[in-house]
Amino acid sequence: MKDSHSNIIEVAVPLPLDTTFHYRVPPELRGAAAPGRRVLVPFGRRTVTGYILGFGTDEGRELRTIVDLLDEAPLFTLRELELYRWAASYYLHPLGEVIKAALPAGINIQSRRGSTGHSGGELTGGRSVRTETVYRAAAGAMERPAPRGKGAQLLAHLRQAGETTTATLRELFGDCASPLRRLRELDLVESEAREVYRDPFREEAVEPDSPLPLNAGQAAALGQIASALDAGRFAPFLLLGVTGSGKTEVYLQAIARVVAQGQTALVLVPEIALTPQLVNRFRRRFQCGIAVLHSGLSDGERYDEWRRIRRGEATIVIGARSAIFAPLERLGMIVVDEEHESSYKQGEGFRYNARDLALVRGKIAGASVILGTATPQVTTWHAAASGKLTLLELPERVNGMPLPPAELLDARGQRGETLLSPLAAAVADNLDRSGQTLLFLNRRGFATWLTCEECGHVLRCPNCAVTLTYHQRKNRHICHYCDYAIPAPSVCPGCGSGQVTLLGLGTEQVEMRMRERFPEARVERMDRDTTAGKGGHARILRRVAERKTDILIGTQMVAKGHDFPGITLVGILSVESSLNIPDYRSGERTFQLVTQLIGRAGRGENPGRVLIQTLTPEHYALTHAVAGDIEGFYATELAFRRDAGYPPFTYLAVFYLTGTSPSATEAESDRLAAHLRDLRAEQGGRIEILGPVAAPLAKLRGRFRWQILLKAPNRSALHRLLLRNQRTYAPSSGIRLHVDVDPVDLM
DNA sequence: CGGGTCTAGAGG
DNA sequence: CTCTAGACCCGG
């Protein structure tokens with residue numbers, strides 16, 4: 001059997017199967033079959049698209065023959081396949097589905113139960129290349145008699161302007177389809193179909209700019225990155241810098257060096273931060289091709305951007321999570337901006353973390369990887385402290401302005417007050433001085449729960465173990481986990497008493513109270529309920545930027561990505577909702593949130609101030625955030641985690657089971673937990689199984705979800721158990737198992 | 001995943 | 001005895 005032109009190929013199919021399949025290639029396609037190309041293969045009684053992984057040998061089994069070979073060139077390289085294989089094994093997800101997720105959506109062909117009822121069924125799907133028609137005057141057409149009227153105008157234009165598209169001709173001459181047809185018949189013009197890209201940002205040209213001068217911290221950081229680039233080996237960095245410390249300028253100048261070396265760069269940003277402003281900053285700086293990948297693109301636009309990248313027409317790719325799979329070759333650098341952001345995690349299907357894959361891809365490619373943030377993940381900090389990442393610090397803000405002073409207000413014994421008096425006074429004072437105020441509360445809706453004074457009944461979601469939040473505008477009680485909703489009852493559903501009370505403050509109620517209290521102020525609310533629909537964010541942000549808003553009330557989304565230069569007062573109404581989440585990361589999350597909010601204030605000429613109402617003013621996450629003491633926070637958090645046996649000192653995986661009925665999903669989670677306990681006993685390892693966890697049964701898009709946590713003292717013990725489980729445990733039908741491995745020790 | 005087959009329970 | 005919903009099994 002010849003190895004490189006074998007007639008047997010190994011194929012991965014995008015289905016939840018943990019095996020690959022072998023097929024025979026007919027002689028006429030033999031030389032063309034190559035890893036990375038797709039094939040149409042008979043699969044059971046269907047025809048599906050698969051991916052060629054490589055060549056195989058005859059194992060004596062009866063093999064079926066491929067139906068067709070797709071793609072003129074491979075869609076992925078062997079290096080990319082190495083990344084896919086790593087991800088499939090690490091996230092315990094079928095390789096075919098990993099490849100499908102890595103390639104642009106909608107390109108695969110599947111057979112359907114065809115209504116026309118042909119034997120193979122009809123083939124559907126496949127993303128097409130868009131073409132446009134261009135016209136040009138035919139060579140040597142001068143002698144022939146010229147037509148009259150519109151035809152003459154068109155011909156004159158084409159002789160002068162050369163090739164012109166249908167769209168341009170229509171713009172210039174109106175509808176001209178029939179004269180053009182006539183000209184073609186007379187052989188006076190010729191036409192050609194040309195491939196075009198659906199350009200997601202066909203914007204007007206931007207003014208080029210040049211590199212900004214760097215401060216000492218930036219220059220030192222850039223110097224270290226530059227020497228790693230010159231060495232041309234994998235080098236991971238943690239770039240630590242507060243909001244406004246000029247991380248982006250460091251990325252830009254480092255990437256300039258990468259481009260100058262003839263290499264390419266990949267920039268990952270959280271979805272929400274992928275604004276035209278950021279992209280334009282890159283477009284102003286670089287003349288080379290820039291491709292942008294984000295969730296707002298249509299399948300066609302995404303496919304076109306992908307093809308531009310694959311053909312080497314883009315040198316820099318900027319994108320959200322899924323851009324980690326962008327088909328760049330000669331990759332010199334990967335930037336992961338705001339590396340702590342949870343939006344790098346894909347939470348459905350193939351559950352990967354693009355921040356982690358960035359390190360793996362960087363290692364495979366021999367590239368530098370920069371993780372940039374003011375508030376790293378605790379695991380990232382630990383990796384830097386133990387020398388696995390090189391720490392680069394940007395200690396000061398570029399404009400020299402210090403971070404605004406922050407203070408904690410003790411809210412104990414003052415329940416029922418929306419704003420404590422120092423914060424209320426600060427808002428009034430800020431209004432007097434025409435400053436803008438940001439009030440943060442991480443809870444949308446009017447009130448968090450309804451309780452009965454008589455019998456103590458609390459409204460809860462029947463699917464999820466959480467209370468229903470009252471929304472005044474809809475007059476409904478809604479589950480924020482699964483969107484289950486009921487109309488607001490007038491009496492207690494438990495005992496019929498009329499004595500029901502709404503408790504727990506939400507943004508909707510804060511908005512109402514602020515309008516009552518400051519009737520002259522222009523109040524806006526920014527949360528999922530007010531930003532629904534496209535352009536919802538932009539509308540609110542524009543009014544804030546134009547100073548048409550005095551008080552902005554917002555949830556989580558105001559802490560991320562957006563710049564509010566006019567904000568001179570930040571009030572945090574409660575951090576308890578973030579602090580009291582029963583998750584070992586709640587301290588970390590709260591520290592990140594508060595630190596990011598402090599960075600939102602005083603980006604202008606006034607440093608502003610930050611006031612935080614809390615019931616736990618001694619909590620280390622808050623005291624360190626308020627003091628700007630990053631080292632102190634991480635030291636305390638790591639000591640706590642070491643004692644409690646949490647990551648990064650133990651390793652953790654989360655199993656998610658989803659099914660369509662709550663009882664079946666719950667029963668399955670018991671079965672899985674029992675199975676895992678058996679495996680643990682058999683292995684004799686020190687692996688701890690937490691669960692099935694009571695709270696998180698949640699309905700997501702019609703499916704119920706249950707989770708189980710696994711803790712292990714090291715990664716290999718955890719992975720041995722996970723792999724063993726994957727081989728020995730089969731979920732019952734209708735139930736799917738997903739695995740989130742968190743966190744990781746990749747190096 | 002999708003579809004074929006096998007099976008238990010309800011209905012006639 | 002027939003019909004059907006759901007479990008289960010397989011795909012090269």
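By convention in this document, chain letters (A, B, ...) are assigned in the order of the sequence lines, proteins followed by strands, and residues within each chain are numbered from 1.
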Measure CD1/Ile66(A) against P/dG11(C) and give the value in whole Å, please.
20 Å

For a quick check of understanding: with a heavy-atom distance under 4.0 Å over all strands, which category does Tyr23(A) fall into, base, sugar-phosphate or nothing?
sugar-phosphate

Should Glu271(A) and Ser295(A) be marked as a side-chain hydrogen bond (donor to acceptor under 3.5 Å, both in side chains) after you check the CA-CA gap, both sets of side-chain angles, and the distance that decides it?
CA-CA 8 Å; Glu271(A) 185 69 60; Ser295(A) 64; 3.1 Å; yes

May I have the distance from Arg45(A) (atom CZ) to dT5(B) (atom C1'), rounded to whole angstrom?
11 Å

Separation of Arg46(A) atom CZ from dC10(C) atom C1', in whole Å?
11 Å

Between C1' on dG11(C) and CD on Glu97(A), what's the gap in Å once rounded to a whole number?
15 Å

Please determine whether the number of non-hydrogen atoms from other residues, nucleotides or ligands lying under 6.0 Å from atom CD of Glu28(A) exceeds 12.
yes

Indicate, with a heavy-atom threshold strictly under 4.0 Å, whether Thr20(A) touches base, sugar-phosphate, or nothing.
base

His457(A): which residues meet the side chain to side chain donor-acceptor pair (under 3.5 Å) condition with it, sequence neighbours left out?
none

Can you measure Leu40(A) atom CG to dG11(C) atom P for me and round it to whole angstrom units?
20 Å

Whole-Å gap separating P (dC1(B)) and NZ (Lys100(A)):
11 Å

Under the rule for salt bridge (charged side-chain N to carboxylate O under 4.0 Å, His left out), what residues qualify as partners of Arg724(A), not counting sequence neighbours?
Glu682(A)

